[in-house]
There are 2 protein chains.
Amino acid sequence: MQPRVPEPTEAADPAWNREAWLLEPDSVQRALDVLAPRSAGQVVREAFYGTRRFDDFRRHTGLTPGVLSARLRDLTDQGILTKVAYHDSGSRRRHEYRLTDKGRDLAAAIISLLNWADRWLPSPGGPTVVLAHRGCGASIRTELRCADGHPVDSLGDVQAAPGPGAREAADPAGGTRDR
Amino acid sequence: MQPRVPEPTEAADPAWNREAWLLEPDSVQRALDVLAPRSAGQVVREAFYGTRRFDDFRRHTGLTPGVLSARLRDLTDQGILTKVAYHDSGSRRRHEYRLTDKGRDLAAAIISLLNWADRWLPSPGGPTVVLAHRGCGASIRTELRCADGHPVDSLGDVQAAPGPGAREAADPAGGTRDR
DNA sequence: GTGCTGAGTATGGTTTACGGTACTCAGCCG
DNA sequence: CGGCTGAGTACCGTAAACCATACTCAGCAC
């Protein structure tokens, strides 16, 4: 409440008064809401691993048909997957689910999560999936960098500030009461 | 089932036979399990925004005390937050919650999610929080890059392969039956 | 010692998500 | 035409997560 200044090494700490702003709807939350239902995360991950068909999703994730069906519908409605017709010879026309640009753009988030878990929640036998640069063969990871190309090594280099969508709180100074 | 080769632009598609391997426990899933309960994501996000105290978490997230208490305990048990004693003058000794190294290392994932939502799920008034490089002022984003420093522009550059933790499926060739 | 505040605990109901199983339905295959 | 398969739908019951509200409890302030 006082101008207690957190050490900058702590996190992307705001220099502004966090109490004075309403940050809903928060972008991190909106993204997590998409991936949060376990089944949604499983389906998206499988899509990244190359799965496309209903029954393959079902076997790879262990989801029941009802849940899987609902999730595929949700993700399609959200524009993360798209239904594409295909026609195996000697079989009837069906459709499969593929990532859209919007879905594919989750790659950085997915890979960041994968790297994080491999480092901090390692499974006994080592990672089950490894990602390598095709050709060069070196492992893939995410880097934080600013638009001018400077690397971001610590969260102390990150300055969080209210954006255009932030609203000022009704009572920034007075009581802590805001509900 | 046939060696249908997915176009490499689709995703981090495996050149290996996805059917022949059991990939549990998947790293993406383990990471998402940490952030998946809505309240966990909210708490971690707030921690990144600089929140440290129980009551501040409660107001910023809108969580009820019971849920918040449970979540802080979970995250502390998982080593993502840590309890640190502090002593405001004229007040009694209390403790606050700070990110650990493990928690701080979620930055790339959190920021990737934030960037993704800002691009694909924009809120009407624009982003509520913007991240800038301290000093330089340019916006922060994540980049995919391999350990040799080559940038990864498309998922076609990413080759997924089974890691040391992957187990071969019992019946790779025969029936599709595996349950 | 009474009151206030920050930090929780306790209890109880509700919603959301998930699992299990059975069933449908369209079309190619013989 | 009857069966098989991929792709679902329908109808349950259960479990996890959540919300609302009330209460406790420690210490400083007066």
Side-chain angles (χ1 to χ4, degrees), chain A residues 1-2 4 19 29 32-44 46 51-77 81-98 174-179, chain B residues 1-2 4 19 29 32-44 46 51-77 81-98 174-179:
Chain A
M1 247 135 261
Q2 303 84 316
R4 266 178 14 97
E19 302 297 321
Q29 204 58 43
L32 277 177
D33 283 347
V34 170
L35 297 177
R38 269 189 74 83
S39 53
Q42 289 174 278
V43 167
V44 170
E46 274 304 320
T51 301
R52 295 178 170 191
R53 301 181 182 187
F54 191 92
D55 217 51
D56 291 333
F57 278 113
R58 198 182 53 69
R59 275 180 301 107
H60 296 336
T61 62
L63 293 169
T64 59
V67 172
L68 175 57
S69 173
R71 215 52 52 213
L72 288 170
R73 190 186 354 264
D74 290 351
L75 291 169
T76 303
D77 288 349
L81 297 179
T82 185
K83 252 173 147 169
V84 178
Y86 71 90
H87 186 87
D88 278 1
S89 62
S91 179
R92 86 173 198 273
R93 198 165 38 101
R94 300 184 183 286
H95 44 273
E96 57 189 13
Y97 298 87
R98 298 198 197 177
T176 14
R177 177 114 287 88
D178 69 343
R179 37 153 16 162
Chain B
M1 244 136 264
Q2 303 85 315
R4 265 181 12 99
E19 302 297 321
Q29 204 57 44
L32 277 177
D33 284 347
V34 170
L35 297 178
R38 269 188 73 83
S39 54
Q42 288 173 279
V43 168
V44 170
E46 273 305 320
T51 301
R52 294 176 169 191
R53 299 181 183 188
F54 191 92
D55 218 50
D56 292 334
F57 277 114
R58 198 184 52 69
R59 276 179 300 109
H60 296 335
T61 62
L63 293 169
T64 59
V67 172
L68 175 57
S69 173
R71 215 52 52 213
L72 288 170
R73 191 186 353 266
D74 290 351
L75 290 169
T76 303
D77 289 350
L81 296 178
T82 185
K83 252 173 146 167
V84 178
Y86 72 91
H87 186 86
D88 277 2
S89 62
S91 177
R92 85 175 200 271
R93 197 165 39 100
R94 301 180 183 286
H95 44 274
E96 56 188 13
Y97 298 87
R98 299 198 199 176
T176 13
R177 177 115 284 84
D178 69 343
R179 33 139 31 147

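Here the structure is a predicted model, which is why all the values come from computation and not from measurement. Chain A is the first sequence line, chain B the second, and so forth, proteins listed ahead of strands; every chain is numbered from 1.
- Counting to the nearest Å, the P atom of D/dA17 and the CG atom of A/Leu32 are 15 Å from each other.
- Across the protein-nucleic acid pair, B/Asp55 atom CG and C/dG6 atom P stand 6 Å apart, rounded to whole Å.
- Of all heavy-atom pairs spanning B/Gln29 and A/Arg38, the tightest one is NE2-O, 3.8 Å.
- Contact between A/Leu32 and B/Gly41 at its shortest, heavy atoms only, is CD1-CA, 3.7 Å.
- When all heavy atoms of B/Arg58 and B/Leu68 are compared, the closest pair comes out as N-CD2, 3.6 Å.
- Contact between A/Tyr97 and A/Leu81 at its shortest, heavy atoms only, is CB-CD1, 4.2 Å.
- Summarising the geometry, the separation between CG on B/Asp74 and C1' on D/dA16 is reported as 12 Å, rounded to the nearest angstrom.
- Taking 4.0 angstrom as the limit, B/Tyr86 places none of its side-chain polar atoms (N or O) nearer than this to OP1 or OP2 of C/dG6.
- The distance between atom CG of A/Asp56 and atom P of D/dT5, rounded to the nearest whole Å, is 15 Å.
- Separating the CG atom of A/Leu72 from the P atom of D/dA7 is a distance of 11 Å, rounded to the nearest angstrom.
- Atom CD of A/Glu96 is separated from atom CG of A/Leu72 by 12.0 Å, given to the nearest 0.5 angstrom.
- For A/His95 and D/dG8, the shortest distance from a side-chain N or O to OP1 or OP2 is below 4.0 Å.
- The interatomic distance linking B/Arg53 (CZ) with C/dT5 (P) rounds to 15 Å, in whole Å.
- Nearest heavy atom pair, residue B/Arg71 against residue B/Ser39, reads NE-OG, 2.8 Å.
- Rounded to a whole Å, the CZ atom of B/Arg58 is 13 Å from the C1' atom of D/dC19.
- Remark: B/Tyr97 is not in phosphate contact with C/dG6, judged by side-chain N or O atoms under 4.0 Å from OP1 or OP2.
- Using a 4.5 Å cut-off on side-chain heavy atoms (C-beta onward), A/Leu63 and A/Val43 make contact.
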At a cut-off of 3.5 Å, list every protein nitrogen or oxygen paired with a nitrogen or oxygen from nucleotides 11-19 of chain C, distance to 0.1 Å.
unit_1, atom_1, unit_2, atom_2, d
C/dC18, OP1, A/Arg38, N, 2.9
C/dC18, OP1, A/Ser39, N, 3.0
C/dC18, OP2, A/Ser39, OG, 2.7
C/dC18, OP2, A/Arg71, NH2, 3.4

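- In this entry the distance linking CG of B/Leu68 with P of D/dC19 reads 11 Å, nearest Å.
- A distance of 10.0 Å separates CZ in A/Arg98 from CZ in A/Arg53, rounded to the nearest 0.5 Å.
- For the pair B/Phe57 and B/Thr51, the tightest heavy-atom approach, listed with the atom from each and the gap, is CZ-O, 3.3 Å.
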The contact string for nucleotides 23-30 of chain D, one letter per nucleotide 5' to 3', using protein heavy atoms under 4.0 Å with B, S and - for base, sugar-phosphate only and none, comes out as ---BSS--
